[in-house]
Participant: 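The structure's right below; bear with me while I get my questions together.
Proteins come first, then strands; the chains are lettered A, B, ... in the order of their sequence lines, and each starts at number 1. Side chains included, hydrogens not; waters and symmetry mates left out as well; all remaining heavy atoms used.
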There are 2 protein chains.
Amino acid sequence: MDAQSIKVACSNCNLRELCLPMGLNSAEMSKLDDVISTRRRVKRGAALFSTGERFTSLYAVRSGFFKTCVTTADGRDQVTGFQMTGEIIGLDGIVSDHHSCDAIALEDAEVCVMPFDQVEELSREFTTLQHHVHKIMSREIVRDHSVMLLLGSMRADERLAAFLLNLVQRLHARGFSQSELILRMTREEIGSYLGMKLETVSRTFSKFVEDGIIDVKQRYVHIKSTEGLKEIVNSQNCR
Amino acid sequence: MDAQSIKVACSNCNLRELCLPMGLNSAEMSKLDDVISTRRRVKRGAALFSTGERFTSLYAVRSGFFKTCVTTADGRDQVTGFQMTGEIIGLDGIVSDHHSCDAIALEDAEVCVMPFDQVEELSREFTTLQHHVHKIMSREIVRDHSVMLLLGSMRADERLAAFLLNLVQRLHARGFSQSELILRMTREEIGSYLGMKLETVSRTFSKFVEDGIIDVKQRYVHIKSTEGLKEIVNSQNCR
DNA sequence: CGTGCCTTTGACGGACATCAAGATGCGTGG
DNA sequence: CCACGCATCTTGATGTCCGTCAAAGGCACG
């Protein structure tokens, strides 16, 4: 395992308004600094953790991009999410003290390690932190429900449109463009997340290009009409 | 809203080993009794809460059966889960202080009302409770991920088989039969949960009956071969 | 500059949706 | 107690979206 430790502090991290420390005052923040004292680098393609590994910590993405995926005994595989800067990974491990999915870096990445017992200890002390931890978990549940909606009731083009809108929205919240993005994942990974085959993903991209809604050049995507994408999502294309 | 209050105590509830109080000692239990002081009856078809309503409390199902479902502006609708005795409803509301789904009783039901601010307060005091609350939320996340796997990568018969196995397993944990069950939901609701149409659900039931794996009479299901169902789930039927 | 991964595109087929018509069961009221 | 209406469920016929299989092109990286 290519772990590497670096001294680190939330209090002067530029992600603090997006990440775990959100809303903490400076006294609380300095306590948190004591808890989150290490970072870990993860090379592209490597696992931050794998299914079955003992759960000890949550991780905040400091830089880079991750996917999480569950795998069944019979080799089926489902991407359950993509995580970018400031997002929290590892919540799946709490219930059984073992991780129930793999977290894979899609590009060289760095995470802040947050030992969960210490997070729990601190959140008994600070209401703000406690509440924030609860919100993070609840947010994940709500997100999962919207993915279920997508997988259960949407057509291929609606799924991809919703996916793109969600990605740029999150990137925009991090100061990136509202209309341009670089996909960090392959067509196959997008397909796994959206419950469709990579060929269908590719074809659907091509259709969007034909319709003049987006430009695509490999991993680069330029959204020419956000409205166009929104119309597709709400097109009630039936099914 | 047909609310009705009843004095109540976790400490002598026969679900305490399944529900929130799990693992608490008697001192902790009696504190919890103070927090969870009311129950609420919900008539079949009525909502425990609806999308957009202010979030104040979690609910533990005391009796009866619920579904939760998210609804989009354009009328699309997805059942995100079915909840039975001892299971917790309402976690979706924490993140935004408002519920993001509807919780509907599928039969006359009763829930224990757990004001969330008081749950938080108590879980700052008792490590056991704090940890248990975290586990409950994590369990929901893990469950959601397995539903994503189901929706994203399984065929109709695999989905239905997995669904039946999950239901009897949970019922069995509550002292019911491993092989017989009464479905509390319609074919349409099953279909919504599993991402298929009610006709497909019905046809798939019929196929299972033909194959001698189950008997079905309306809502009544008798599982003649648990192994048969497991084989279907793992059949790697492709897709 | 070649090798391998990723992506695109086409042709074809299958699983499931759609549309439609009956069957079955249940609650209600005469 | 029976008749009626309504919701739910079943089953068939047909259509279509997307998966499968296959081949070729593009890009990155050693």
Side-chain angles (χ1 to χ4, degrees), chain A residues 43-45 67 76-79 104 106-108 150-161 163-164 182-211 214-221 232 235-239, chain B residues 43-45 67 76-79 104 106-108 150-161 163-164 182-211 214-221 232 235-239:
Chain A
K43 280 232 171 304
R44 177 189 154 140
K67 71 170 176 182
R76 236 191 298 251
D77 187 276
Q78 172 78 25
V79 172
I104 312 286
L106 295 181
E107 54 185 0
D108 290 357
L150 180 144
L151 290 171
S153 75
M154 288 186 172
R155 294 155 33 92
D157 56 347
E158 301 174 306
R159 294 182 199 191
L160 190 62
F163 172 71
L164 288 174
I182 307 286
L183 300 171
R184 301 302 174 179
M185 68 295 281
T186 66
R187 303 287 190 259
E188 185 169 16
E189 286 160 339
I190 296 173
S192 171
Y193 182 59
L194 299 179
M196 50 209 252
K197 292 288 144 181
L198 70 95
E199 294 94 330
T200 308
V201 174
S202 179
R203 268 186 253 273
T204 309
F205 268 127
S206 301
K207 186 169 91 61
F208 288 173
V209 172
E210 271 178 47
D211 296 349
I214 62 174
D215 284 335
V216 178
K217 185 149 197 181
Q218 299 291 123
R219 302 288 180 96
Y220 166 85
V221 177
I232 289 170
S235 62
Q236 191 71 328
N237 242 326
C238 73
R239 167 147 185 181
Chain B
K43 280 230 172 305
R44 177 189 155 142
K67 70 170 176 182
R76 237 192 297 251
D77 186 277
Q78 172 79 23
V79 172
I104 312 285
L106 295 181
E107 54 185 0
D108 290 357
L150 181 144
L151 290 172
S153 75
M154 288 186 171
R155 293 154 33 91
D157 56 348
E158 301 173 305
R159 294 183 199 190
L160 190 61
F163 172 70
L164 288 174
I182 305 287
L183 301 170
R184 301 301 175 181
M185 68 294 280
T186 67
R187 303 288 190 260
E188 185 168 18
E189 285 160 341
I190 296 173
S192 171
Y193 182 60
L194 299 178
M196 49 207 254
K197 292 289 146 180
L198 70 96
E199 294 95 328
T200 307
V201 174
S202 179
R203 268 186 252 273
T204 308
F205 269 127
S206 300
K207 186 169 91 60
F208 288 174
V209 172
E210 270 177 48
D211 296 349
I214 62 174
D215 284 335
V216 177
K217 184 148 196 182
Q218 300 290 124
R219 303 288 180 95
Y220 167 85
V221 177
I232 290 171
S235 64
Q236 192 73 327
N237 242 327
C238 75
R239 164 144 186 182

Participant: Are the side chains of A:Leu160 and A:Ile190 in touch, meaning some heavy atoms are under 4.5 Å apart?
Facilitator: yes
Participant: Atom CG of A:Leu106 to atom C1' of C:dC5: distance rounded to whole Å?
Facilitator: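 It is 15 Å, rounded to the nearest whole Å.
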Participant: I'd like to know if A:Arg203 reaches the base of D:dT20 with its side chain, counting only an N/O donor and acceptor under 3.5 Å.
Facilitator: yes
Participant: To the nearest Å, give me how far apart CD (B:Gln218) and C1' (C:dG27) are.
Facilitator: 15 Å
Participant: Of A:Lys67, A:Arg184, A:Lys43, A:Arg219, which meets salt bridge (Lys or Arg N to Asp or Glu O under 4.0 Å) against A:Glu107?
Facilitator: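 Option passing the salt bridge (Lys or Arg N to Asp or Glu O under 4.0 Å) with A:Glu107: A:Arg184.
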Participant: Nearest heavy atom decides the nucleotide; on that basis, is B:Thr200 or B:Arg44 closer to the 5' end of DNA chain D?
Facilitator: B:Arg44
Participant: Which of these nucleotides, C:dA15, C:dG25, C:dT8, is closest to any side-chain atom of A:Arg187?
Facilitator: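 Of all the options, the side chain of A:Arg187 is nearest to C:dT8.
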Participant: Please pick, from C:dC16, D:dT11, C:dC6, the nucleotide with the shortest atom-to-atom distance to any side-chain atom of A:Thr186.
Facilitator: C:dC6
Participant: Find the distance B:Asp157:CG to C:dA17:P and express it as a whole number of Å.
Facilitator: 12 Å
Participant: Using OP1 and OP2 only, check whether a side-chain N or O of B:Ser202 sits under 4.0 Å from D:dT8.
Facilitator: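 For D:dT8, OP1/OP2 do not have a side-chain N/O of B:Ser202 under 4.0 Å.
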Participant: Taking A:Lys197's backbone N and O only, do any of them form a donor-acceptor pair with A:Glu188's side chain (distance below 3.5 Å, no angle check)?
Facilitator: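 Answer holds: no.
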Participant: Taking only side-chain nitrogens and oxygens of A:Arg219, does any of them come within less than 4.0 Å of OP1 or OP2 of C:dT7?
Facilitator: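 Result: yes.
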Participant: Give the nucleotide from the list C:dT7, C:dA17, D:dC21 with an atom nearest to the side chain of B:Lys197.
Facilitator: C:dA17
Participant: Please tell me if the side chains of B:Phe208 and B:Val221 come closer than 4.5 Å, counting only heavy atoms from C-beta onward.
Facilitator: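 Not touching, per the 4.5 Å side-chain cut-off.
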Participant: Provide, to the nearest angstrom, the distance between the NZ atom belonging to B:Lys217 and the P atom belonging to C:dA23.
Facilitator: 17 Å
Participant: Using atom CE of A:Met196 as one end and atom C1' of C:dT7 as the other, report the distance to the nearest whole Å.
Facilitator: 14 Å
Participant: What is the distance from CG of B:Leu198 to P of D:dT10, rounded to the nearest Å?
Facilitator: 9 Å
Participant: Would you say A:Leu151 and A:Arg159 make side-chain contact, with heavy atoms under 4.5 Å?
Facilitator: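 When only atoms from C-beta onward are counted, A:Arg159 and A:Leu151 do touch, with a gap below 4.5 Å.
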Participant: Nearest whole Å is fine: how far is D:dG19 P from B:Met154 CE?
Facilitator: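 These atoms are roughly 16 Å apart.
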Participant: Calculate the interatomic distance between B:Glu199 atom CD and D:dT14 atom P; express it in whole Å.
Facilitator: 17 Å
